[in-house]
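Report on the structure given below.
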Number of protein chains: 2
Amino acid sequence: MSSRIILNAFEMSCVTHQAPGLWRHPDNDADRYNRLDYWTDLAKLLERGTFDAVFLADVLGVYDVYRDSAAPALRDAAQIPVGDPLLQIPAMAAVTRGLGFGVTVASTYAQPYALARTLSTLDHFTDGRVGWNVVTSYLDSAARNLGLGEQIAHDDRYAIADEFLDVTYKLWEGSWEDGAAVRDRTAGVFTDPERVHPIEHHGRFFDVPGIHLAEPSPQRTPVIFQAGASPRGQEFAARHGEAIFINGLVPELTRTVTDSIRDKAERIGRPRDSVKILTLATVIVAETDEAAHAAHADYRRYVSVEGALALYGGWSGIDLAELDPDEPLEYMDTDAARSALSIFTLADPTRTWTPRDIAEYVGIGGIGPVIVGGPATVADELERWIEVGGIDGFNLAYVTTPGTFEDIVEYLIPELRRRGRVWDDYEGATLRERLSGSAVVPAWHPAHGYRGAYSGLRSAADGGASVLPATV
Amino acid sequence: MSSRIILNAFEMSCVTHQAPGLWRHPDNDADRYNRLDYWTDLAKLLERGTFDAVFLADVLGVYDVYRDSAAPALRDAAQIPVGDPLLQIPAMAAVTRGLGFGVTVASTYAQPYALARTLSTLDHFTDGRVGWNVVTSYLDSAARNLGLGEQIAHDDRYAIADEFLDVTYKLWEGSWEDGAAVRDRTAGVFTDPERVHPIEHHGRFFDVPGIHLAEPSPQRTPVIFQAGASPRGQEFAARHGEAIFINGLVPELTRTVTDSIRDKAERIGRPRDSVKILTLATVIVAETDEAAHAAHADYRRYVSVEGALALYGGWSGIDLAELDPDEPLEYMDTDAARSALSIFTLADPTRTWTPRDIAEYVGIGGIGPVIVGGPATVADELERWIEVGGIDGFNLAYVTTPGTFEDIVEYLIPELRRRGRVWDDYEGATLRERLSGSAVVPAWHPAHGYRGAYSGLRSAADGGASVLPATV
């Protein structure tokens, strides 16, 4: 691991991302999520702080587990309304030159042929600053509205995602050879069809016989982000993930997760450090410890218990509305109580947890740590997370926006720069080069095998259609 | 019809849109289609000319009918490589305040629940400047790569598109009442769930029981553009299209098309003038007639016959490679020859047409007129098209870009302003208000029926999930 700490801003095209109720805070602009200048101003701010990337979460459904209703989520704007996360990126890219963009798109509801073009276009437009957070989607409410009737079984979602990625890798790495788009005005050849290849993919879930519609972008394959907590998810992440996003609660326990991910990666032939692991964290930083704690106390007054339990319901599938909000979970004999307790005991095993405690915990920063203090205090704690937790960096959530990010840029970044933990300016041309020093998808990655794999094979210049008829 | 002429720039995220071979011209920047500043510079230029909108075409496949191969299209970059047309819009929107955006998305390969959110997001980000060009897709090569095996029958595509639009209208107009997003920080209510309604759509092709994921955008339903030439397509356009895009060849014959469209609209209860009809045209304008003709002659030297026949093959499904390029079509006894002749005879019945003649015709401006001259000559001809053809405006294709648009802004727009045919500055707040004076979707439009249609019915605040399980 390098001594540099990777910092992403954790954002979403919605009002309440990880701090339910805080939209009511007078300093919060989160309800301007649907204004383009909110995003372009944020991009310029993050670039001033040389953030690696803005990581954009997404859901294509509503949080309706809590109280078996979408009403609590709607009242607190808990990730609803929610916009398409791809569309602020081009505007943010136009006003920055170093900031990266990690965007969440579920493979469950898309077609690989079309999405591969979308992400290639974005990689062109950003000069190679795009990462794709591959998710398989966890909300039943999404599945019901997207033609699936009910959620596909969890493991099937990963099987679909595996093949989906395979198709996109073939399109991105294999279809167009380097230099196929010769752009030769004199010879009158824009693309040499001999160097463009149909991928002829005929799989269990997808048939994609044709050529990629986009010419190679700076990174070809976008940096693959992944967030998989289940065993199947971790396996998927170890295979595909260049950066993996986890929800660590305390550094000591997080180490077992990061060790497990690196072990899995190593077992399939990856260098241990080739996987960059980022954990969710919320930083409340000010000029002094006292000022930061005062801000924290102020923020806590705005937490919405209902909004927090709505979010928790969607993330966990557990409806805590059945339980007495003020009774310790350890006295309750229900699956919901046991399941919730098993998670939050990890965050602090020395105390009791009631549903209200959970809501207050989740209320600032979701299921992750809140780090409060002056510049040195916060920097110390982040370094402790890096060393003890074995992580490479953070997805930093906001309490208020752009307030939280302004404070980080003003107070924390200079301290981290002094410690040599954050660079003074971006290095490397693309997001991948900045994250791992590699210009192309690294050799251990499954996409790498498709680089040039079709050279010398059938090309778009060969007789017959460039695409074979599907043989399903 | 107003005396104002509607002007769109006809563009596409590719190198060769309607002028095959012209990418080789030294003044052409079309190969910068994958650079964001190409699009932001273009947006600022078009806004200086108070263009109504940039109309972005798209295909999700390759032109492989000609010579039964994608090679000719690849060599001449004939709409391949091609980028996602949604992604330049946010960057263009960020640097403009009046320019509209008409974007082509096929309903055949998308999910209405997800696309409705995408277009709502875009309508928010552009402050209500979005139009959606609804297409059903014509390329078999697209269908083969997008999970359909083979192209859905033409009429079925329209049946799917009809239901697809119905779902999106319900989401855009019916799901969220006006003012549902109350944003009340004091009361702690962002959205009033009583005023948000599940649409409970259970149709032949789609099941979408839930609520819309996005809050109402300035236009709610984007302006619906349509381009349907077949009888079924015209019927579809007459029902849904607020602006209809046609390929007229000469004004006199175009009048029969525009009359037919307006007749159809009137028969289903629309005002005749509620449909804005735009025709494809390519303008080559300069300071004088002579200079314009010299430019035209220069451009013609760059036309690519192979690229033109590749485009024509994709548009028509006809492969002219079978025919002698220099033999008049009237002497040939093949379906391809008869079909091609039936179209191009309309453009000029006084001459013979060979395949090469067709290529040279298509080579500048596709299947539409090329209008060449100084400012007065071109303005006269555009006015003749308006009066004789019964149209409302033009989708102006480029020969070189941004050259063609620069010439239009420099020479033609001032002349049209003098004649009162183009406004001095944008009027009306949204694209719809500019096109038709209507802030909301007009009363004749099928989307209008869903405005407030669910008020008083089941809401997201009612017991049970906000979304019903699908009952397929």
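The sequence lines fix the lettering, A, B, ..., with proteins before strands; numbering per chain opens at 1. Quantities reported herein were computed from a predicted structural model and do not represent experimental measurements.
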Nearest non-hydrogen partners of B:Ala71 and A:Ala461, listed with the distance: CB-CA, 3.9 Å

So, the part of A:Asp58 with a heavy atom under 4.5 Å from chain B: the answer is side chain

B:Ala91 to A:Pro90 - nearest heavy-atom pair and separation: CB-O, 3.9 Å

For a 4.5 angstrom cut-off between non-hydrogen side-chain atoms, does A:Gln111 reach B:Asn145? no

Are the side chain of B:Arg144 and the backbone N or O of A:Val208 linked by a donor-acceptor pair below 3.5 Å? no

At what distance, to the nearest 0.5 angstrom, does OG of B:Ser141 lie from CG of A:Leu213? 8.0 Å

Between B:Val59, B:Asp127, B:Val196, B:Thr186, which residue shows the highest count of heavy-atom pairs closer than 4.5 Å to chain A? B:Asp127

Side chain proximity check, B:Arg185 to A:Asp31, heavy atoms < 4.5 angstrom: yes

Side chain, backbone, both or neither: which part of B:Pro26 has a non-hydrogen atom closer than 4.5 Å to chain A? backbone

Has the side chain of A:Thr118 got a donor or acceptor atom that lies under 3.5 Å from a matching backbone atom of B:Asp84? no

Greatest number of heavy atom pairs closer than 4.5 Å to chain B - which of A:His124, A:Glu306, A:Glu194: A:His124

Heaviest contributor of heavy-atom pairs below 4.5 Å to chain B, chosen from A:His201, A:His212, A:Gln88, is A:Gln88

Would you say A:Arg117 and B:Val82 make side-chain contact, with heavy atoms under 4.5 Å? yes

Atom group of B:Phe125 that falls short of 4.5 Å from chain A, counting heavy atoms: both

Please determine if B:Asp184 and A:Arg75 form a salt bridge, counting it only when a charged side-chain N lies under 4.0 Å from a carboxylate O. no

For chain B, which of A:Thr126, A:Val167, A:Val182, A:Leu74 has the most heavy-atom pairs under 4.5 Å? A:Leu74

Interchain contact, A:Pro72 with chain B, by part (heavy-atom threshold 4.5 Å): neither

Do B:Thr121 and A:Asn34 come within less than 4.5 Å of each other through their side chains, counting heavy atoms only? no

For A:Leu36 and B:Ala93, the nearest pair of non-hydrogen atoms, with its separation, is CD2-CB, 4.0 Å

Please classify the contact between A:Tyr33 and chain B as side chain, backbone, both or neither, with a heavy-atom cut-off of under 4.5 Å. both

Is the ring pair B:Trp23/A:Phe190 parallel, tilted or perpendicular, if the boundaries are 30 and 60 degrees? perpendicular

Between A:Asp76, A:Thr40, A:Leu119, A:Leu122, which residue shows the highest count of heavy-atom pairs closer than 4.5 Å to chain B? A:Leu122

Working note: A:Thr191 + B:Ile80, criterion side chain to side chain contact (heavy atoms under 4.5 Å, CB included); need CA distance, chi angles, decisive distance, verdict. CA-CA 9 Å; A:Thr191 300; B:Ile80 175 86; over 6 Å; no

As an exercise: rank A:Thr16, A:Val65, A:Asn28 by heavy-atom pairs under 4.5 Å with chain B and give me the winner. A:Asn28

Pick from A:Tyr302, A:Phe206, A:Trp176, A:Phe205: which one has the most heavy-atom pairs with chain B under 4.5 Å? A:Trp176

